[in-house]
There are 2 protein chains.
Amino acid sequence: MAERGRPRNFDRQQALRRAMELFWRKGFDNTSMADLTEAMALRPPSIYAAFGGKEALFNEALDLYVSSQGRDIWDGIDTAPSARAAMEHLLKSTARSYSAGPGSRGCMVVLAAPQMEGANAAVSERLKAERAGNVAALERRLKRAVSEGEIAPQISCRAIANYFATVQHGMSIQARDGASRRALLAVADCAMAGWGSLVESSPAAGRE
Amino acid sequence: MAERGRPRNFDRQQALRRAMELFWRKGFDNTSMADLTEAMALRPPSIYAAFGGKEALFNEALDLYVSSQGRDIWDGIDTAPSARAAMEHLLKSTARSYSAGPGSRGCMVVLAAPQMEGANAAVSERLKAERAGNVAALERRLKRAVSEGEIAPQISCRAIANYFATVQHGMSIQARDGASRRALLAVADCAMAGWGSLVESSPAAGRE
DNA sequence: ATATTAATATAACGATCACTACAGAATATG
DNA sequence: CATATTCTGTAGTGATCGTTATATTAATAT
């Protein structure tokens, strides 16, 4: 049962946290192994032995990000007492999360890899799947609201989910451009102002 | 008056267009000089002689993008008969522009450089300034609407301008994730649904 | 003690990056 | 013609990228 061989000389979880911070701030491409060795205070072979490589390390860092930074936001979607409260929670807690640190950092899921041709395909797909999962969670919550009578059945839940996801994604750009918490919260307020009109008559049923 | 020395034997404007297409699709970092030499059908020394270097070429390609792709969108802001029509034009023409080509490409101004620490500072600042200029244009149009009586004076034009800019930026992410023209137009409709509520009582006066 | 196993540090790998020295080729001017 | 000027293609610059071969160190197992 006991570990054989020379024991590891560093805190794996702490090293992973530092990698997450770095990937969050700099993104996947702009974070070099040299950056990581410095931030994690490890030599490359230790990182490769413990995490597998840059891409595997990023994936694990993203897991940590989702389960730590995203927890409050996405758990609140299902527990909110109404779809309206859920969407407001989404945008408000997003505004607070994006402006939590010393600088406005936005969302790692949106920003960490450019969605461009030629970018690391596996990383881009992983982030894209994460975003798609979030939109799906919003749509599920809205559909639940339909079944509970909060929203009329003819409303397009997919269109509304896409809309709130779009606003949330845009907030990452704003945050990286230096938007204050107050400005981000104002954007959330503006987006929520249309709620009544949105659920009374869905402005567009179509989606893809 | 006549040109001295060996004349250039390629079309500078056509080469620039090809560079713009490439930067638009792949972004600044993911576009290598090797990619550019292939797409422009030129050898590096010709590119350096004609454009100065990768960064200068990008800046010129961005100028071309703004004046070609962005023209319709941003000229329409000032010529629209009302602020409401201007914002609707912004989002609708954005939706059409982002889904104009064979694939949904989103906006070069939003996507071409990651807003991350460690990215090329000059390029990032250039794009950031472009985005700030766009928000300012929206705010100017809204203030004009206040002076023309369309919007009540106590409304925060800056907050509303930020909101529409946020939606537009988010649409770039959606487009890159594969959103169809129809889906993008639906997002625009959702965003416009709240217009009445927005200009009746500004939900948040604050900004920065 | 000796052997085994695993983590460490040093140093370097090949690949790719943006960029450029150099020489040849194509035009102008005198 | 000769000469100056500018563009073009070849080839290669040093730097940095992610990754790894090698040897040493530190623990357990026998």
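Labels below follow one simple rule: chain letters A, B, ... track the order of the sequence lines, proteins then strands, and each chain is numbered from 1. Given the structure is predicted, the values throughout are model-derived calculations rather than measurements.
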Where does the angle between the aromatic ring planes of Y65(B) and W24(B) fall among parallel (under 30°), tilted (30 to 60°) and perpendicular (over 60°)?
-> perpendicular
OP1, OP2 of [N] versus side-chain N and O of [X]: anything below 4.0 Å?
| X | N | result |
| --- | --- | --- |
| S46(B) | dC7(D) | no |
| N9(B) | dT8(D) | yes |
| S32(B) | dC17(C) | yes |

Which residue, A34(A) or P44(A), contacts DNA chain D at a nucleotide closer to its 5' end, judged by nearest heavy atom?
-> A34(A)
Residue met sooner reading DNA chain D from 5', once L42(B) and R6(B) are mapped to nucleotides | R6(B)
Once you round it to whole Å, what is the distance between [atom2] of [N] and [atom1] of [X]?
| X | N | atom1 | atom2 | answer |
| --- | --- | --- | --- | --- |
| N120(B) | dC19(C) | CG | P | 10 Å |
| L57(A) | dC17(D) | CG | P | 16 Å |
| R4(A) | dT2(C) | CZ | C1' | 14 Å |
| F10(A) | dA9(C) | CZ | P | 10 Å |
| D11(A) | dA7(C) | CG | C1' | 16 Å |
| D35(B) | dT16(C) | CG | C1' | 11 Å |
| E55(A) | dC17(D) | CD | C1' | 15 Å |
| M33(B) | dT13(D) | CE | P | 19 Å |

Using a heavy-atom cut-off of 4.0 Å across all strands, would you classify [X] as base, sugar-phosphate, or nothing?
| X | answer |
| --- | --- |
| T37(A) | nothing |
| R43(A) | base |
| P7(A) | sugar-phosphate |

Is the cationic atom of K54(B) (NZ for Lys, CZ for Arg) positioned less than 6.0 Å from the six-membered ring centroid of Y48(B) and within 45 degrees of its normal?
-> no
Quick one: on DNA chain C, does K54(B) or R8(A) contact a more 5' nucleotide (nearest heavy atom)?
-> R8(A)
CZ (R43(B)) and CG (L36(B)) are apart, to the nearest 0.5 Å, by 12.5 Å
When rounded to the nearest 0.5 angstrom, what distance separates CZ in R105(A) from CD in E117(B)?
-> 10.5 Å
Check ion pair E130(A)-R126(A) (N to O, under 4.0 angstrom) | yes
